[in-house]
Engineer: 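Here it is, the structure, as structure tokens.
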Amino acid sequence: MANEFLPSTIPSPEQLEKLMGYAKLMSYYKCAMMEIETKCNVLSEEFSLQFDRNPISSIKSRLKKPASIFGKLQRKGLPVTLESMEENIHDIAGIRIVCSFKDDVYMLADALLKQDDVTLIEKKDYIEHPKPNGYRSLHLIVSVPIFLAHEKRLMQAEIQLRTIAMDFWASLEHQLHYKKEGHFDDETIAELKRCAEISANLDDRMNKLRQHIQEPSLTDLLSRHLGPLSQR
Ligand code: 0O2
């Protein structure tokens, strides 16, 4: 079966060594991805016990494909080597957490970044500062340790946090982009941006509703501690 990374001819010892180095590095990224996924699953478990709703709607992860890694290095004019890949491509391991409400996104990001083995390398808040096309998400580039038989290695990963509405827009925009190979006319670009704004507006309204419904009143809080006030 054809493999996009394996050469069609028998590899030389040098090529073989590079291939093995690549496979090893990718397995380290996979471990980092699993570490972060576990952290998210632990938080999800805790939230489902603590609250009457789970702020995490879904968790997905993926390893970037070789063609995508090498394409990105080439586009940036960087050397296509393992060292360059590790140094310059920060989203080889990617975890996407889709949350119900906008407040959940920030609450979850805080819960992850508070963990003492998670180091924040870079934060890109495309919710506060959306991309010109309307894309919204919170991106965290983090490093986490992975513990191997004889060493501890720090690996980078990108955590994307977004609401269901942001995910809806990004998934559909990605599909359209793929179909049109990234070439949109001006009217399509403007319409996509309008859709992103409608979706952001919906997120804000739903977030306000959540605050309104879930914000316990002072009476609720007191009666929770002291028993129903009317009986006192
Ligand atoms: P895939 O398929 O997820 O691998 P940098 O890393 O800073 O050099 P980059 O890669 O543009 O620059 O970083 P950024 O802005 O953090 O975006 C990385 C990822 O965010 C993308 O990965 C997408 O997953 C997502 N993303 C960013 N902008 C958009 C957008 O306009 N629309 C959609 N649908 N997704 C977006 P990849 O590598 O492009 O793709």
Side-chain angles (χ1 to χ4, degrees), residues 4-5 22 25-26 28-30 32-34 36-37 40 57-99 102 105-106 108-109 112-113 118-144 154-200 202-203:
E4 58 179 330
F5 187 69
Y22 176 82
L25 186 57
M26 289 310 278
Y28 294 162
Y29 279 113
K30 188 176 171 194
M33 203 172 77
M34 292 190 308
I36 298 175
E37 262 187 294
C40 296
S57 168
S58 69
I59 303 168
K60 283 186 203 134
S61 56
R62 65 104 184 90
L63 278 184
K64 215 172 177 69
K65 298 257 165 54
S68 180
I69 297 173
F70 300 147
K72 198 164 180 175
L73 285 173
Q74 275 166 345
R75 271 197 311 282
K76 290 180 170 216
L78 294 163
V80 182
T81 61
L82 292 185
E83 294 73 29
S84 163
M85 167 178 153
E86 207 175 351
E87 197 173 319
N88 300 300
I89 310 288
H90 310 291
D91 62 344
I92 294 175
I95 297 92
R96 182 172 295 151
I97 309 171
V98 178
C99 299
K102 202 162 103 176
V105 165
Y106 291 103
L108 211 67
L112 283 167
L113 294 176
V118 178
T119 306
L120 179 65
I121 312 271
E122 193 184 354
K123 180 175 178 174
K124 296 186 210 169
D125 192 343
Y126 296 127
I127 300 177
E128 275 297 302
H129 309 284
K131 284 198 166 181
N133 64 353
Y135 175 79
R136 286 168 169 80
S137 273
L138 178 66
H139 291 191
L140 307 174
I141 309 289
V142 298
S143 89
V144 287
L154 288 176
M155 299 302 298
Q156 290 194 1
E158 181 183 75
I159 309 177
Q160 295 183 352
L161 298 116
R162 48 171 83 147
T163 62
I164 296 170
M166 291 169 201
D167 191 52
F168 168 76
W169 183 92
S171 305
L172 299 195
E173 190 263 359
H174 184 75
Q175 280 182 32
L176 295 176
H177 220 261
Y178 188 74
K179 271 197 187 298
K180 278 277 169 195
E181 290 168 349
H183 303 301
F184 290 146
D185 56 48
D186 289 351
E187 182 42 41
T188 309
I189 294 172
E191 180 61 2
L192 273 170
K193 193 168 179 176
R194 281 193 290 272
C195 290
E197 277 152 15
I198 293 172
S199 137
L202 187 62
D203 256 340

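All residue numbers refer to positions in the sequence shown, counting from 1. Just so it is clear, the structure is predicted and the values come from calculations on it, not from any experiment. In listed order, ligands and their atoms are each counted from 1.
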Engineer: Answer whether the closest heavy-atom distance between the side chains of Glu173 and Asn133 falls below 4.5 Å.
Structural biologist: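 Side chain of Glu173 against side chain of Asn133, heavy atoms only: contact under 4.5 Å found.
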
Engineer: Can you tell me which residue and heavy atom of the protein come closest to atom 26 (N) of ligand 1, and the distance to 0.1 Å?
Structural biologist: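 Protein heavy atom at minimum distance: Tyr135 CZ, 3.4 Å.
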
Engineer: For ligand 1 and Arg162, I'd like to know whether there is a polar contact (N/O to N/O, distance under 3.5 Å).
Structural biologist: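 No, no N or O pair falls under 3.5 Å.
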
Engineer: Does Tyr106 reach the side chain of Glu128, with side-chain heavy atoms less than 4.5 Å apart?
Structural biologist: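 Of all side-chain heavy-atom pairs linking Glu128 with Tyr106, at least one is under 4.5 Å.
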
Engineer: Taking atom CG of Asp185 as the centre, does the number of heavy atoms from other residues, nucleotides or ligands within less than 6.0 Å exceed 12?
Structural biologist: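 Counting other residues, nucleotides and ligands, CG of Asp185 exceeds 12 neighbours.
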
Engineer: Can you tell me the protein heavy atom closest to atom 8 (O) of ligand 1 and the distance?
Structural biologist: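 In this structure, atom 8 (O) of ligand 1 has Lys76 NZ, 2.3 Å as its nearest protein heavy atom.
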
Engineer: Could you list the atoms of ligand 1 found under 4.0 angstrom from a heavy atom of Tyr126?
Structural biologist: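 So the answer, numbered in order with elements, is 14 (P), 15 (O), 16 (O).
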
Engineer: Taking the side chain as every heavy atom from C-beta outward, state whether Leu172 and Leu192 have any pair of such atoms under 4.5 Å apart.
Structural biologist: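 No - every pair of side-chain heavy atoms lies 4.5 Å or more apart.
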
Engineer: Take atom NZ of Lys72 as the centre, draw a 6.0 Å sphere, and report whether it contains more than 12 heavy atoms from other residues, nucleotides or ligands.
Structural biologist: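 Yes, because the 6.0 Å sphere around NZ of Lys72 holds more than 12 heavy atoms from other groups.
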
Engineer: If you count every heavy atom of other residues, nucleotides or ligands that lies below 6.0 Å from Glu87 atom CD, does the total exceed 12?
Structural biologist: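 Count not over threshold, so no.
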
Engineer: Give the atoms of ligand 1, by number and element, whose distance to some non-hydrogen atom of Asp91 is under 4.0 Å.
Structural biologist: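 The list of qualifying atoms is 22 (O), 38 (O).
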
Engineer: Which residue supplies the protein heavy atom nearest to atom 33 (C) of ligand 1, what is that atom called, and how far is it?
Structural biologist: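 Looking only at protein heavy atoms, the one closest to atom 33 (C) of ligand 1 is Glu173 OE1, 3.3 Å.
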
Engineer: Pick one of side chain, backbone, both or neither for how His90 approaches ligand 1, counting any non-hydrogen atom pair under 4.0 Å.
Structural biologist: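 It is neither part, as no heavy atom is under 4.0 Å.
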
Engineer: Could you tell me if the side chain of Arg162 sits less than 4.5 Å from the side chain of Phe168, heavy atoms only?
Structural biologist: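 Side chain of Phe168 against side chain of Arg162, heavy atoms only: no contact under 4.5 Å found.
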
Engineer: Are Met155 and Leu25 side-chain neighbours, meaning at least one heavy-atom pair lies under 4.5 Å?
Structural biologist: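 They are in side-chain contact.
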
Engineer: Indicate, as side chain, backbone, both or neither, the part of Arg96 found under 4.0 angstrom from ligand 1 when only non-hydrogen atoms are considered.
Structural biologist: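 It is the side chain that touches ligand 1; the backbone stays farther off.
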
Engineer: Please state which protein non-hydrogen atom is closest to atom 24 (O) of ligand 1 and give its distance, to 0.1 Å?
Structural biologist: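 Answer, as residue, atom name and distance: Gln160 NE2, 3.2 Å.
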
Engineer: Checking contacts here: is it the side chain or the backbone of Lys72 that comes within 4.0 Å of ligand 1, counting heavy atoms only? Could be both or neither.
Structural biologist: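 It is the side chain that gets close, since no backbone atom is under 4.0 Å.
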
Engineer: Would the distance check show the side chain of Ser84 and the main-chain N or O of Pro79 forming a donor-acceptor pair, the cut-off being under 3.5 Å?
Structural biologist: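 Yes; at least one donor-acceptor contact below 3.5 Å.
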
Engineer: Going by distance only, is there an N or O of Ser171 that falls short of 3.5 Å from an N or O of ligand 1?
Structural biologist: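 By distance alone, the answer is no.
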
Engineer: Counting each atom of ligand 1 from 1 as listed, which ones have a heavy atom of Ala170 under 4.0 Å away?
Structural biologist: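 Answer, ordered by atom number: 34 (N).
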
Engineer: Under a 4.0 Å heavy-atom limit, does Asn133 contact ligand 1 with its side chain, its backbone, both, or neither?
Structural biologist: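 Only the side chain of Asn133 comes within reach of ligand 1.
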
Engineer: Assign the ring pair Phe70 / Tyr22 to parallel, tilted or perpendicular, where the plane angle (0 to 90°) is split at 30° and 60°.
Structural biologist: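 Geometry flag for Tyr22 against Phe70: tilted rings.
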
Engineer: Note the single closest protein heavy atom to atom 11 (O) of ligand 1, along with its residue, its atom name and the distance in Å.
Structural biologist: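 It is Lys131 NZ, 4.0 Å.
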
Engineer: Under the rule for ring-ring contact (aromatic ring centres under 6.0 Å, His included), what residues qualify as partners of His139, not counting sequence neighbours?
Structural biologist: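 If we apply the ring-ring contact (aromatic ring centres under 6.0 Å, His included) test to His139, skipping adjacent residues, the hits are Tyr126, Tyr135.
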
Engineer: Kindly indicate whether the side chain of Thr119, heavy atoms from C-beta on, has any atom under 4.5 Å from the side chain of Leu154.
Structural biologist: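 Heavy-atom side-chain distance check fails, nothing below 4.5 Å.
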
Engineer: Could you tell me the residue and atom name of the protein heavy atom closest to atom 37 (P) of ligand 1, and the distance to it rounded to 0.1 Å?
Structural biologist: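 Of every protein heavy atom, Lys64 NZ, 3.8 Å lies nearest to atom 37 (P) of ligand 1.
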
Engineer: Note the single closest protein heavy atom to atom 3 (O) of ligand 1, along with its residue, its atom name and the distance in Å.
Structural biologist: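 Looking only at protein heavy atoms, the one closest to atom 3 (O) of ligand 1 is Arg62 NH2, 3.5 Å.
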
Engineer: Against heavy atoms of Glu158, which atoms of ligand 1 measure under 4.0 Å?
Structural biologist: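 Once the distances to Glu158 are compared, the set is 16 (O), 18 (C), 19 (C).
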
Engineer: Verify the contact flag for atom 39 (O) of ligand 1, where contact means a protein heavy atom under 4.0 Å away.
Structural biologist: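 Within 4.0 Å: no protein heavy atom nearby.
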
Engineer: Nearest protein heavy atom to atom 17 (O) of ligand 1, by residue and atom, and its distance?
Structural biologist: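 In this structure, atom 17 (O) of ligand 1 has His139 CE1, 3.7 Å as its nearest protein heavy atom.
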
